[in-house]
S.K.: 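So that we are looking at the same thing, I have put the structure below in structure tokens.
Predicted model only: the values in this text are computed from it and were never measured. Order of listing sets the numbers, starting from 1, for every ligand and every atom in it. We're numbering straight along the sequence, starting at 1.
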Amino acid sequence: MAVSLDLTNDETRKTLSDKVNAVKAPERPNLIGMSREELGEALITAGVPEKQVRMRISQIWHWLYVRGAKTFEEMLNLSKALRADLAANFTVERPKIIEDLLSKDGTRKWLMQFPSRGAGNPVEIETVYIPEEGRGTLCISSQVGCTLTCTFCHTGTQRMVRNLTSEEVLMQLMVARDFLGDFPDKDTPQGAIVPEEGRKVTNIVMMGMGEPLYNFENVKKALLIASDGDGLAVSKRRITLSTSGVVPEIYRTGEEIGVMLAISLHATNDTLRDEIVPINKKYPLAELLKACREYPLASNARRITFEYVMLKGVNDSLEDAKEMVRLLKGIPAKINLIPFNPWPGSSYECSDWEQIEKFADFINQCGYASPIRTPRGDDILAACGQLKSESERLRKKEREALEQ
Ligand code: SAH
Ligand code: SF4
């Protein structure tokens, strides 16, 4: 039944804001996303005797991250009383899935809703799964919106809402594993795990919405859980964190997280990079490339990826290609050329295919692998930030229709 809302009326407004407040975070914290230490502290507050805590942590860790348990009821090697205590104090619930879209090319995209934290409204996050020959990559978001304003990026035009919590970052992987069947089913004997080669999600890229290094602590916590060998066990060599160039946190990423690095380069001189990747004004190319040279995990077997969005007439000349090769000298690098994905209102065009190939050939001749990223999931708007704004737009339309 259609309801007509009079938003000029204070009473209606109050009722609405009461409703919005009513959907705030559940009182019970979610155990997913807590480090082992935090989990231990949580168990103590729930009354678990101190001498049992270590054992309980490893049991629960196994249920959450190896078995993919969605309720405490499933955790059969915990006593009934403990399960009831845990359920009274905590949750292991998944977020609400608002959309689950499957592209013709197999790309899949989920839009999930998390309850508010404190006073804000619930937030929506998108996660994209890209299956390829022999592997499947999950593209995870780190923030809702982004404080940076790269001129070619749709997320950069959106209002920054907030950092995601470690629970929310990690939950994107949990949801993908749920939907893709990467957790063993209930009949699999206890202790059995889905071996790495049988999994659908083999790789993770932090390339969704937001700048992961502006949410360092939560991203670190989530990635350390994702790569924990007794749990989700995604190898750190198969996790890539993409940054627009937050130099101090690049050093910390190498030391404290230990995953692979991708840099959104996009320009080969400071004048252009200042304009299209504005964080360059704070951390110019020389500082950025120094951090890459010193990245502790980089080697010829573990190259740093340099992402380069191809913008027609802006950064796609052979001079740019030449300059890129000069800049990256001495860094174990691979270059990922990304055809610009246009969005309504953007002022750029994607370079001509011929030009992208010329650019790629030049870089190849200089000894760099330079794959051109094939656009995926076009029919489900799988580009950075697009599904979320599209669904917001649709809902705005629905709301307007309601209000008429
Ligand atoms: N904030 C991080 C990670 C998220 S963006 C970063 O900037 O690296 C992931 C990648 O998508 C980045 O390389 C980004 O520059 C690129 N990107 C953003 N908008 C794009 C668009 N419209 N077309 C093609 N690539 C885009
Ligand atoms: Fe933010 Fe990355 Fe988009 Fe730049 S490219 S606005 S850093 S999400």
S.K.: Give the numbers and elements of all ligand 2 atoms closer than 4.0 Å to a heavy atom of Ser244.
M.R.: 7 (S)
S.K.: Suppose I only count heavy atoms of Glu307 and a 4.0 Å limit; which atoms of ligand 1 are within that range?
M.R.: 10 (C), 12 (C), 13 (O)
S.K.: Can you check whether Phe152 has an N/O within less than 3.5 Å of an N/O in ligand 1?
M.R.: yes
S.K.: If we only count heavy atoms from C-beta on, is the Met324 to Ile335 side-chain gap below 4.5 Å?
M.R.: yes
S.K.: Does any N, O or S atom of Cys150, backbone or side chain, fall under 2.8 Å from atom 4 (Fe) of ligand 2?
M.R.: yes
S.K.: At a 4.0 Å threshold, what atoms of ligand 1 neighbour a non-hydrogen atom of Ile338?
M.R.: 24 (C), 25 (N)
S.K.: With heavy-atom distances below 4.0 Å as the criterion, list the atoms of ligand 1 near Thr243.
M.R.: 6 (C), 8 (O)
S.K.: For ligand 1, note which part of Val309 has a heavy atom under 4.0 Å away: side chain, backbone, both or neither.
M.R.: side chain
S.K.: State the atoms of ligand 1, each with its element, that fall below the 4.0 Å cut-off from a heavy-atom position in Cys153.
M.R.: 18 (C), 19 (N)
S.K.: Distance under 4.0 Å to a non-hydrogen atom of Trp343: what atoms of ligand 1 satisfy this?
M.R.: 22 (N)
S.K.: Are Glu217 and Arg252 ion-paired here, with the side-chain N under 4.0 Å from a carboxylate O?
M.R.: yes
S.K.: Is any N or O atom of Arg373, backbone or side chain, closer than 3.5 Å to an N or O atom of ligand 1?
M.R.: no
S.K.: Going by ring pair (Phe, Tyr, Trp, His ring centres under 6.0 Å), name the pairs with one or both residues in residues 298-327, residues two or more places apart or in two chains.
M.R.: Tyr308-Phe359
S.K.: For the residue pair Met260 and Leu297, establish whether any side-chain heavy-atom pair is separated by less than 4.5 Å.
M.R.: no
S.K.: Are any of the N or O atoms of His154 closer than 3.5 Å to those of ligand 1?
M.R.: no
S.K.: Assess the side chains of Thr243 and Glu211: does a donor N or O sit below 3.5 Å from an acceptor N or O?
M.R.: yes
S.K.: Considering only heavy atoms of Gly210, which atoms of ligand 1 have at least one such atom less than 4.0 Å away?
M.R.: 1 (N), 2 (C), 3 (C), 4 (C)
S.K.: Using a 4.0 Å cutoff against the non-hydrogen atoms of Ser244, which atoms of ligand 1 qualify?
M.R.: 6 (C), 7 (O), 8 (O)
S.K.: Once side chain to side chain donor-acceptor pair (under 3.5 Å) is applied, what residue pairs with a partner in residues 282-293 remain, sequence neighbours excluded?
M.R.: Lys290-Glu294
S.K.: Among Leu173, Thr202, Val205, Asn203, find the residue that satisfies the side-chain contact (heavy atoms from CB on, under 4.5 Å) test when tested with Leu138.
M.R.: Leu173
S.K.: For the residue pair Asn341 and Phe152, establish whether any side-chain heavy-atom pair is separated by less than 4.5 Å.
M.R.: no
S.K.: Take the angle between the ring planes of Trp110 and Phe179 and call it parallel below 30°, perpendicular above 60°, tilted in between.
M.R.: tilted
S.K.: Please could you name the atoms of ligand 2 that Cys146 approaches to less than 4.0 Å, counting only its heavy atoms?
M.R.: 1 (Fe), 6 (S), 7 (S), 8 (S)
S.K.: May I ask whether Gly210 has any heavy atom positioned less than 4.0 angstrom from an atom of ligand 2?
M.R.: yes
S.K.: Which of the numbered atoms in ligand 2 are under 4.0 angstrom from any heavy atom belonging to Leu148?
M.R.: 6 (S), 7 (S)
S.K.: Would you mind running through ligand 1 and noting each atom that sits below 4.0 Å from a heavy atom of His266?
M.R.: 13 (O), 14 (C), 15 (O)
S.K.: So do Pro339 and Trp353 actually touch side chain to side chain, heavy atoms under 4.5 Å?
M.R.: yes
S.K.: Looking at Gly156, which atoms of ligand 2 are within less than 4.0 Å of one of its heavy atoms?
M.R.: 6 (S)
S.K.: Inspect the contact between Lys109 and Glu99 and indicate whether a charged nitrogen and a carboxylate oxygen are less than 4.0 angstrom apart.
M.R.: no
